[in-house]
Participant: 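Here it is, the structure, as C-alpha cells.
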Protein chains: 2
Amino acid sequence: MSRTRTSHGRTGRPPVTSRAQILTAAREIIDRDGWEKLTIRRLAAEIGIGPTTLYHHVRDKKELLLLLLNDYLGQVEHPPLPDDPRDRIIVATTAMHDAGAAWPWVVETATTDGFVALLDESALWMVEVILAAAEDYGCTPAQAVYIFRCIWYYTAGEIIVRANTASRRAGDLGPFSLSDLDASQVPHLAAIGDSWGDVAQADTYVDGLCALVDGLLAQATSAKP
Amino acid sequence: MSRTRTSHGRTGRPPVTSRAQILTAAREIIDRDGWEKLTIRRLAAEIGIGPTTLYHHVRDKKELLLLLLNDYLGQVEHPPLPDDPRDRIIVATTAMHDAGAAWPWVVETATTDGFVALLDESALWMVEVILAAAEDYGCTPAQAVYIFRCIWYYTAGEIIVRANTASRRAGDLGPFSLSDLDASQVPHLAAIGDSWGDVAQADTYVDGLCALVDGLLAQATSAKP
DNA sequence: ACCTGAACACCGTTCAAGT
DNA sequence: ACCTGAACACCGTTCAAGT
C-alpha cells in the first residue's frame, strides 16, 4: 500500500511516474480545467508520458478516481464536534457536504451503496462520527447505518443538483419560464410561477438536513423499524 | 409544438423521421440495450438514417433526453391520492421515486435546480400534488417549494445510489470488505463490519421519506424559516 | 520492469455538398 | 427542405513490440 518507490538503486534517476505524482497531476488538471477535463489521455500528457504508460500504475479510470477520492477525503479537516449527538451529526454531515460541494465529482465515485468499503480509514472519520453519534443517541447499529444512508442520499442529491445548476448557469438553457403554465392544470405551480427561481436560489441544505435528522431520530427512538 | 407532419402533399410517402419515431426508437434502445447505449449514432442506426440527419429533428443530445423525459413522465400513471396532506405527499413522492427508479437515467436530466421549468404540464402533476398538499397543510408557497426541493434531493440521491449499486452488482468491484478496518480508528464502523452489506440491502426509501417529510412539516408549522 | 506507438471501437457535433 | 458522407476533436483500453 504505502511502499515508497522514490528511488530504486544507485542510478539516482527519480521514477518518472509514481502514484503520488499521478494524483498531484490529476488534481492540477481538475483545479485548472475542471473535473470533466480529467481524462486518462490528458493526465498522461500533463505528466509527459504516453497514455498507455498510465495503465502500469493504475488499473482503470475508476481506480484512479477512487485513489483521488481517498486522497482528497483524507485531507478534509476535522471540525470541532459538539457534545450533543444530534448536533454532532449535523456538524459532521455538513463537513461531508462541504467537501463534496467543493469537489462535486466525488459523488460520481461515492454514489454506490457500499462505497464505504472502498475507503481508507482516514477518509471514513465522517461516517464514524455519524454512526457513533446515532448510537450515543440510543440507536442500534442497524438504525445508525440506516440513518447514515438516508443522510447520504439527501446530501448526494443536493450536491449533484448544486453542481449541475452551477454548470447550467454558465450555459445554454433559457433563463426560466414557469410563468406560461396552464393554471387549470397546475394551479399551485402556476401561482408560484417565476418566483420559484428566487426561492430555489436560497441555500437551504442545512435546514433540510436538520428536518431529516430530527425526523430520523424521532423515528428511531419511538419504534424500531 | 404538436404540429403533425405525418404527410406533406400527395406523395403519400411517410416521412422517414419524425419526433415520435425518434422517441420510440430511443425507448426501444433503452429497453433493449440499457440506457448507456443510447447514443446519437446508435439511435440513427436504429432508425436507419445517418447520424447527422438526426440533427435536423433534434438540436442536441440534451434536447433529445428532455423530449424523452417529458414523454416518459407524461405516461406515468396517477395513483389514487389520500385525503391527508401528509400522506398525499408520501404517495405522490413515492410515485415519482418509482418512476425514476424504473428509468434511472431521468435523474441525469432532472438533477438541475429549475428543471421543473423544462417540463410539460403533463409531467408536472407530481410537483403540483406535493406543492398543493404542503399548502393544504398550512405551508406558504415558498415553504412548499423548499419542501419539494428537499424531497427531491433525497429522492434523486436514493435513485442514483440504487442505479449505481445495481450496475455494480453485475460488475467489477470485490464482494465487500469492511471487516479489516482498524478498530482503534473507526470503532463503530469496525463493529458493524460486514453486516453493513446486509443492512444496506434493505429498501428503506419510504421509511426515510416519512422521516424527512415529518421533519419538514414539523419545521414549517413551528416557525417560519 | 517499464515504457512505447499504433490500433480498436467508440463518442457528439459540424460542415460543405448533394437531391 | 431534407438528407448525406467525410471529417474534427475527442474518449477508454488493449496489445505486440521495444529498451
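Per chain, numbering begins at 1; letters A, B, ... match sequence-line order.
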Participant: Atom NZ of K61(A) to atom P of dC10(C): distance rounded to whole Å?
Facilitator: 18 Å

Participant: Given atom CD1 of I22(B) and atom C1' of dC3(D), what is their separation to the nearest angstrom?
Facilitator: 13 Å

Participant: For residues L81(A) and R88(A), report the shortest heavy-atom separation together with the two atoms involved.
Facilitator: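 So the minimum-distance heavy-atom pair works out to CB-CG, 3.7 Å.
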
Participant: For dC2(C), does OP1 or OP2 lie under 4.0 Å from any side-chain N or O of H57(A)?
Facilitator: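 No.
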
Participant: Could you state the CD1-C1' distance from I49(B) to dT13(C), rounded to the nearest angstrom?
Facilitator: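 Whole-Å distance recorded here is 15 Å.
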
Participant: State, to 0.1 Å, how close W196(B) and V145(A) come at their nearest heavy-atom pair, and which atoms those are.
Facilitator: CE3-CG2, 3.9 Å

Participant: Would you kindly check whether a donor in the side chain of H56(B) faces an acceptor in the base of dC2(D), or vice versa, at under 3.5 angstrom?
Facilitator: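 Result: no qualifying N/O pair found.
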
Participant: Is R42(A) near enough to dC11(D) that one of its side-chain N or O atoms lies under 4.0 angstrom from OP1 or OP2?
Facilitator: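 Result: yes.
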
Participant: Given that T52(B) and R41(A) both sit by DNA chain D, which one's nearest nucleotide is further toward the 5' end?
Facilitator: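 Counting from the 5' end, the first nearest nucleotide belongs to T52(B).
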
Participant: Could you work out the separation of dA9(C) and dC10(D) based on their P atoms and round it to a whole Å?
Facilitator: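 22 Å, rounded to whole Å.
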
Participant: Within this structure, what is the CD1-to-C1' distance between I40(A) and dC10(C), rounded to whole angstrom?
Facilitator: 16 Å

Participant: At under 4.0 Å between heavy atoms, what does T39(A) touch on the DNA or RNA strands: base, sugar-phosphate, or nothing?
Facilitator: sugar-phosphate

Participant: Check whether any side-chain heavy atom of Y153(A) lies under 4.5 Å from a side-chain heavy atom of L209(B), and answer yes or no.
Facilitator: no

Participant: Is I47(A) close to L54(A) at the side-chain level, that is, under 4.5 Å between some pair of heavy atoms?
Facilitator: yes

Participant: Nearest-Å distance, CG (L38(B)) to C1' (dC11(C))?
Facilitator: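 In whole Å, dC11(C) C1' and L38(B) CG are 13 Å from each other.
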
Participant: Output the rounded distance in Å from CD (Q21(A)) to P (dC3(C)).
Facilitator: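 Roughly 10 Å, once rounded to whole Å.
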
Participant: Go ahead and name the base partner of dC10(C); Watson-Crick or wobble counts if both distances stay under 3.5 Å, otherwise write none.
Facilitator: none

Participant: Among dT4(C), dT13(D), dT13(C), which is the nearest nucleotide to the side chain of T53(A)?
Facilitator: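 Nearest listed nucleotide: dT4(C).
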
Participant: Please give, in whole Å, the distance from dT13(C) C1' to K62(B) NZ?
Facilitator: 14 Å

Participant: If you measure only the distance, is there a donor-acceptor pair under 3.5 Å linking the side chains of Y205(A) and T155(A)?
Facilitator: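 Yes, because at least one side-chain N or O of Y205(A) sits under 3.5 Å from a partner of the opposite role on T155(A).
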
Participant: Scan every strand shown for a Watson-Crick or G-U wobble partner of dA16(C), both distances under 3.5 Å, and answer none if you come up empty.
Facilitator: dT4(D)

Participant: Atom CG of L43(B) to atom C1' of dG12(C): distance rounded to whole Å?
Facilitator: 13 Å

